[in-house]
Trainee: 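One structure, as structure tokens, below. Some questions next.
This structure is a prediction, so every number in the text was calculated from the model and none was measured.
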Amino acid sequence: MTTGRAKGRTARTHAYEVAVRAEAALGEGPTWDADAGRLIWIDILGSRVFTYDPVSGRRTVLATEQHVGAAKPRVGGGLVVNLRDGIGLYGPDSVTGSGPGSGPDSVTGPGGSTAGGPQEFRWLHREVVPGRRANDAAVAADGSLWAGTMRYDEAPGGGSLSRVAPDGTVTTVLDDVAVSNGTGWSPDGRLMYYIDSPTRRIDVFDFDGRQVSNRRQLAVVEEGEGFPDGLTVDADGCVWVALWDGGEIRRYTPSGTLDRVVELPVPRPTACAFGGADLTDLYITTARTGLEAPHPLAGSVLVVPGAGRGVPQPAFAG
């Protein structure tokens with residue numbers, strides 16, 4: 001386990017570019033959709049799912065009727081979404097887009113429609129819990145969705161982490177969570193990393209393909225340095241973590257050593273993911289909610305070209 005910044009041993013960089021200039025209230029969940037060659041990201045509080053093609057500049061947006069915690073690609077096209085009241089599925093034609101250089105088009109759902117006709121949506125698993133909403137999620141190698149929840153008031157124990165099978169079967173993995181956030185796996189699939197943000201910890205579990213065991217700390221973020229939020233794991237097995245109220249992205253080695261920091265101009269980066277054709281560009285979502293005087297880039301998607309090398313992310317098999 002490591003703590004602190006370890007400045008003397010840590011490479012620091014300010015290098016970043018603006019991928020998508022936006023004003024998302026709570027930008028989150030960047031995911032590279034390799035089949036479509038585009039980035040998927042969301043605005044939780046804006047109830048929007050966005051896509052961005054860095055080659056053509058094409059952008060799309062899908063509006064949901066509920067706060068959306070995560071959106072991931074499905075095998076064969078479409079999206080699985082972690083919504084306030086459960087897990088939903090959109091069909092392959094549910095996201096339409098605009099041309100290079102223009103603003104995104106809008107699509108409404110669940111059950112919504114546009115001039116192009118009704119959008120294909122259905123619930124895979126619906127479970128209404130007053131005061132609770134969806135948060136971050138990730139897809140495991142077997143095509144299952146590991147979906148997190150939290151209470152709006154962030155009460156300890158009010159959230160959970162569950163495994164959602166392609167057929168909609170839900171198994172609770174962790175049931176004593178405050179703010180379920182970053183989830184990811186080592187390149188060999190034998191470890192799962194996880195963040196419950198108020199704990200300030202990045203935890204690691206042993207993973208057998210379906211179940212987790214032997215929870216322990218990989219690293220802890222010291223008080224005053226922000227809260228760990230979303231994470232991604234690179235091809236070297238290092239864990240990249242966004243620090244909410246910390247204004248940076250940190251990379252921890254598999255042993256928990258902090259070895260790289262990307263310093264950002266915005267205080268609330270929320271998550272990060274590798275994308276691009278060779279998975280070497282690190283995309284970073286950001287938030288502006290709760291800030292009295294947000295930085296002009298708060299709510300935008302930033303990118304660090306050539307930051308490292310990611311691993312291909314599986315699509316949801318349902």
Trainee: About how many Å separate CZ of R38 and OG of S56, when rounded to the nearest 0.5 Å?
Mentor: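 Answer rounded to 0.5 Å: 10.5 Å.
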
Trainee: Within the side chain of R74, is there an N or O that forms a donor-acceptor pair under 3.5 Å with the backbone of G318?
Mentor: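 Indeed, once roles are kept as given, a pair shorter than 3.5 Å links the two residues.
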
Trainee: Would you check if the side chain of T172 reaches a backbone N or O of L174 as a donor-acceptor pair within less than 3.5 Å?
Mentor: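 It does not hold such a pair.
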
Trainee: Under 3.5 Å, is there a donor-acceptor pair between the T60 and T51 side chains?
Mentor: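 On atom types as modelled, these side chains qualify, holding a pair under 3.5 Å.
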
Trainee: Provide the closest heavy-atom pair for T31 versus P73 in the form atom of the first, atom of the second, distance.
Mentor: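 Looking at all heavy atoms of both residues, the closest pair is CG2-CD, 3.9 Å.
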
Trainee: Can you confirm whether Y283 sits close enough to T232 that some side-chain heavy atom of one is under 4.5 Å from a side-chain heavy atom of the other?
Mentor: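 With C-beta onward as the side chain, the pair stays apart.
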
Trainee: Just jot down the side-chain contact (heavy atoms from CB on, under 4.5 Å) partners of A307, sequence neighbours excluded, or say none.
Mentor: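 Testing A307 for side-chain contact (heavy atoms from CB on, under 4.5 Å), a comparison that skips the adjacent residues, returns W240, F274, L282, V304.
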
Trainee: Please check if V301 and L279 belong to a single hydrophobic cluster, counting links between Ile, Leu, Val, Met, Phe, Trp and Tyr side chain heavy atoms closer than 4.5 Å.
Mentor: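 In one cluster with V301: L279, yes.
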
Trainee: Do V221 and I202 have side chains that approach each other closer than 4.5 Å (heavy atoms only, starting at C-beta)?
Mentor: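 Yes, close enough: below the 4.5 Å cut-off.
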
Trainee: Quick one, T171 and S162 - any side-chain contact, counting heavy atoms below 4.5 Å?
Mentor: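 They are not in side-chain contact.
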
Trainee: For L191, is there any backbone N or O sitting under 3.5 Å from a side-chain donor or acceptor partner on S186?
Mentor: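 Checked: pair present.
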
Trainee: Inspect the surroundings of CZ in R215 and state if more than 12 heavy atoms from other residues, nucleotides or ligands are less than 6.0 Å away.
Mentor: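 Yes, enclosed.
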
Trainee: Do you know the tightest heavy-atom contact between G256 and A219?
Mentor: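 Nearest heavy atoms, G256 then A219: O-CB, 4.2 Å.
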
Trainee: Apply salt bridge (charged side-chain N to carboxylate O under 4.0 Å, His left out) to D234 and list each qualifying residue two or more places apart in sequence or on a separate chain.
Mentor: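 D234 satisfies salt bridge (charged side-chain N to carboxylate O under 4.0 Å, His left out) with R251 only.
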
Trainee: The criterion is salt bridge (charged side-chain N to carboxylate O under 4.0 Å, His left out); which residues satisfy it with D53, sequence neighbours excluded?
Mentor: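 Checked D53 against salt bridge (charged side-chain N to carboxylate O under 4.0 Å, His left out); zero matches.
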
Trainee: Do D281 side-chain atoms and G306 backbone N/O form a donor-acceptor pair below 3.5 Å?
Mentor: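 Yes, because the side chain of D281 sits within donor-acceptor range (under 3.5 Å) of the backbone of G306.
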
Trainee: Taking atom types as modelled, find out whether T149 and S180 have a side-chain donor-acceptor pair closer than 3.5 angstrom.
Mentor: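 No.
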
Trainee: Please output the side-chain donor-acceptor pairs of residues 17-26 that fall under 3.5 Å, not counting sequence neighbours, one pair per line with the distance.
Mentor:
none

Trainee: Say you draw a straight line from OG1 of T286 to CG of L264; how long is it, rounded to the nearest 0.5 Å?
Mentor: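 Answer rounded to 0.5 Å: 8.5 Å.
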
Trainee: Are F227 and W244, when compared by the centres of their aromatic rings, separated by less than 6.0 Å?
Mentor: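 No, they do not, as the ring centres are separated by 6.0 Å or more.
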
Trainee: May I ask you to test the I284-P30 pair for a side-chain heavy-atom distance under 4.5 Å?
Mentor: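 Result no, sub-4.5 Å side-chain heavy-atom pair not found.
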
Trainee: For S197, give me all partners under side-chain contact (heavy atoms from CB on, under 4.5 Å), at least two apart in sequence or on another chain.
Mentor: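 Listed in chain order: V179, N181, I195.
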
Trainee: Any side-chain heavy atom of R260 within less than 4.5 Å of one from T253?
Mentor: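 No, side chains not in contact.
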
Trainee: Can you name the salt bridge (charged side-chain N to carboxylate O under 4.0 Å, His left out) partners of R216, sequence neighbours left out?
Mentor: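 With neighbours one apart ignored, the set is D206.
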
Trainee: Look at the side-chain heavy atoms of Ile, Leu, Val, Met, Phe, Trp and Tyr, link any pair under 4.5 Å apart, and say whether M150 and V177 land in one connected group.
Mentor: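 Cluster IDs for M150 and V177 differ.
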
Trainee: Output every pair passing side chain to side chain donor-acceptor pair (under 3.5 Å) with a member in residues 288-301, not counting sequence neighbours, ordered by first then second residue.
Mentor: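 Matches after skipping sequence neighbours: none remain.
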
Trainee: Please report the interatomic distance NZ(K72) to CG(L145), rounded to the nearest 0.5 Å.
Mentor: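 One finds 8.0 Å between NZ of K72 and CG of L145.
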
Trainee: After noting the C-alpha distance and the side-chain angles of E248 and R12, does the key distance pass the side-chain contact (heavy atoms from CB on, under 4.5 Å) rule?
Mentor: CA-CA 10 Å; E248 61 188 33; R12 308 182 73 86; 3.4 Å; yes

Trainee: Please enumerate all residues that pass side-chain contact (heavy atoms from CB on, under 4.5 Å) together with A235, with sequence neighbours excluded.
Mentor: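 Listed in chain order: R309, V311.
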
Trainee: What pair of heavy atoms forms the shortest contact from I249 to C272, and how long is it?
Mentor: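 The answer is CG2-SG, 4.1 Å.
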
Trainee: Heavy atoms, side chains only, cut-off 4.5 Å: are L291 and P267 in contact?
Mentor: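 A side-chain contact under 4.5 Å exists here.
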
Trainee: Please say yes or no: joined through hydrophobic side-chain contacts below 4.5 Å, possibly via intermediate residues, are V262 and L297 part of one cluster?
Mentor: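 Result: yes, single cluster for both.
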
Trainee: Kindly determine whether L39 and D33 satisfy side-chain contact (heavy atoms from CB on, under 4.5 Å), including the steps that lead there.
Mentor: CA-CA 6 Å; L39 183 77; D33 182 351; over 6 Å; no

Trainee: Go through the structure and list residues passing salt bridge (charged side-chain N to carboxylate O under 4.0 Å, His left out) with R133, not counting sequence neighbours.
Mentor: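 Not a single residue meets the salt bridge (charged side-chain N to carboxylate O under 4.0 Å, His left out) criterion with R133.
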
Trainee: Run the salt-bridge test on E120 and R122 with the 4.0 Å N-O cut-off and return the result as yes or no.
Mentor: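 No, this pair does not count.
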
Trainee: Ignoring hydrogens, what is the shortest heavy-atom contact between P187 and G237? Give both atom names and the distance.
Mentor: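 Nearest pair, atom of P187 first, then G237: CD-CA, 3.6 Å.
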
Trainee: If you take all heavy atoms of A165 and S144, which pair is closest and at what distance?
Mentor: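 Heavy atoms only, the tightest pair is CA-CB, 4.4 Å.
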
Trainee: Roughly how far, to the nearest 0.5 Å, is the CG atom of L218 from the CG atom of D203?
Mentor: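 Answer rounded to 0.5 Å: 8.5 Å.
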
Trainee: Hydrophobic cluster membership, with links at side-chain heavy-atom distances under 4.5 Å among I/L/V/M/F/W/Y: are V233 and V204 in one?
Mentor: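 Same cluster.
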
Trainee: Quick one, R48 with I42, criterion side-chain contact (heavy atoms from CB on, under 4.5 Å). Give me CA distance, side-chain angles, the key distance, then yes/no.
Mentor: CA-CA 6 Å; R48 296 290 188 274; I42 63 170; over 6 Å; no

Trainee: Show, in sequence, the C-alpha distance, side-chain angles and deciding distance for R210 and V173, and conclude whether the side-chain contact (heavy atoms from CB on, under 4.5 Å) test is met.
Mentor: CA-CA 10 Å; R210 289 179 64 94; V173 179; over 6 Å; no

Trainee: Would you mind listing every ring-ring contact (aromatic ring centres under 6.0 Å, His included) that reaches into residues 158-194, with sequence neighbours excluded?
Mentor: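 Only W146-W185, W185-F207 qualify under ring-ring contact (aromatic ring centres under 6.0 Å, His included).
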
Trainee: Between the side chains of D278 and T280, does any donor sit under 3.5 Å from an acceptor?
Mentor: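 Per modelled atom types, D278 and T280 side chains form a pair under 3.5 Å.
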
Trainee: Determine, stepwise, if the pair E225 / R250 fulfils salt bridge (Lys or Arg N to Asp or Glu O under 4.0 Å).
Mentor: CA-CA 11 Å; E225 295 185 358; R250 292 185 176 184; 2.6 Å; yes

Trainee: With a 4.0 Å cut-off on N to O distance, would you call E222 and R200 a salt bridge?
Mentor: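 So E222 does not pair with R200 through a salt bridge.
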
Trainee: Can you confirm whether L62 sits close enough to T64 that some side-chain heavy atom of one is under 4.5 Å from a side-chain heavy atom of the other?
Mentor: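 Touching, per the 4.5 Å side-chain cut-off.
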
Trainee: Would you give the length of the straight line joining atom OG1 of T13 to atom CD of E263, rounded to the nearest 0.5 angstrom?
Mentor: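 T13 OG1 to E263 CD: 8.5 Å, rounded to 0.5 Å.
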
Trainee: Could you see if L231 belongs to whatever hydrophobic cluster contains M192? Use Ile, Leu, Val, Met, Phe, Trp, Tyr and a side-chain cutoff under 4.5 Å.
Mentor: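 Cluster IDs for L231 and M192 differ.
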
Trainee: Looking at every non-hydrogen atom in both residues, tell me the closest pair between A287 and A298 and how far apart they are.
Mentor: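 Looking at all heavy atoms of both residues, the shortest contact is O-CB, 3.6 Å.
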
Trainee: Table please: side-chain donor-acceptor pairs of residues 76-89 below 3.5 Å, with sequence neighbours left out.
Mentor:
{"residue": "N82", "atom": "ND2", "partner": "N135", "partner atom": "O", "Å": "3.0"}
{"residue": "N82", "atom": "ND2", "partner": "G148", "partner atom": "O", "Å": "3.0"}
{"residue": "D85", "atom": "OD2", "partner": "Q66", "partner atom": "NE2", "Å": "2.9"}

Trainee: Going by side-chain contact (heavy atoms from CB on, under 4.5 Å), name the residues that satisfy it together with A34, two or more places apart in sequence or in a different chain.
Mentor: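 Here the qualifying residues are W32.
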
Trainee: Within the 4.5 Å heavy-atom criterion, are L124 and V164 side-chain neighbours or not?
Mentor: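 A side-chain contact under 4.5 Å exists here.
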
